[in-house]
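In each ligand, atom 1 is the first atom listed, and ligand 1 is the first ligand listed. Each residue takes its place number in the sequence, starting with 1. All of these numbers come straight from a predicted model, not from anything done at the bench.
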Amino acid sequence: MNMNHPEKIEKLLNGTDGALITSPHNLRYFSGFAGGEGIALIGSDFRYLFVDSRYTEEARSEAPNFEVIEFKAGGLCAEINNRLKSCGALRLCFEDNEMTVSEYQRYSEKLTVSELCPIGDRADKVRMVKTDEEIERMRRAEKIGDIALGKTLPMLSAGIRECDIAAELEYRMRRLGAEGTSFDTIVVSGAKSAMPHGRPDEKMLEHGDLVTIDFGCVYKGYCSDMTRTFAIGDISDEKKKIYDTVLSAQLTGLSAIRAGEKASDCDRAAREVIESADFGKYFGHSLGHGVGLKIHELPNLSPRSEVILEENMIVTCEPGIYIGGLGGVRIEDMVAVKENGCDILSSFTKELIICR
Ligand SMILES: [Mn+2]
């Protein structure tokens, strides 16, 4: 992001004189600086980036549209106050969802401002619609996941531990150029697969298990997110029915996603498939979420969402059924919303794979 998007800055400011940007993802989005630690002060006609000496070089090269100011320990607020004075900024907005209470108290005491107003979800809303460059980074991230999963798949068999699969997948993604994982990799098998966000441990895969793998990586700052569920050997008819129902719901959700559609209607379309198979009470979460610099962004594809989808939003479509004691299935793709549908960024098969 840079000076090419003044309308995004105006949305962010919403009538205030400046925005105090402190979170790693918003620093990166609005300035380009990827170091994570620093403070940006952004107004309609000024751009300052305050960093300590560890980040000065990086900030100067990554945020060319910003005046980079190096501060010494204890000197940050004085440096900010100098710039506030020279540009006459009095009312600042700040990231209330990201700042600690003690940081807020310190800024309230030390900054010479008339008001610090919460920014609410304005930064998140600005980031909702992606540029082509952002989409290409996420397409690449998702592709890395596709390839890494393909290379890990031969490991899946009875007797191997969940933690070994998670480690292999993460290693493969790093070797393919990922900067890291976009969240802690989920590999859950057997009865544990009924925990949507369970953690991989030393449990071994067993014959007849469902194994859910939910994972993603970060490429040039942008996250990917995908989920596939596999069978270890032959599975029961009920597990097969759960799989088929989730797949059908996922495909229905995908076909509902398009620009102009209500996010809540996409959730509804997929949920109805699961409800009509009498599994409704086992699908507790929403259909999907936005993805970007953060793994969970706006919009939410949930029954309560009031968002109308717009072209180039990136969202996931990930229905699931989780039955305590038995197991669960989730299938997830990340997609770019388009005028007449959606562009699915992952290409890994969704046909049930039975691992022998
Ligand atoms: Mn997800």
- Query: Out of the N/O/S atoms in E318, what is the name of the one closest to the Mn ion (ligand 1)?
  - Reply: OE2

- Do you know which N/O/S atom name in E332 is closest to the Mn ion (ligand 1)? OE2

- Query: Using 30° and 60° as the class limits, which term best fits the ring planes of Y48 and F50: parallel, tilted or perpendicular?
  - Reply: tilted

- Message: Over 60° means perpendicular and under 30° means parallel, so tell me whether H289 and H296 are parallel, tilted or perpendicular.
- Response: perpendicular

- Query: How wide is the angle at the Mn ion (ligand 1) between NE2 in H289 and OD2 in D225, to the nearest 10°?
  - Reply: 90°

- Query: Are side-chain N/O atoms of N300 and S305 paired as donor and acceptor at under 3.5 Å?
  - Reply: no

- Item | For the student: nearest non-hydrogen atoms of T16 and L13, plus distance | OG1-O, 2.7 Å

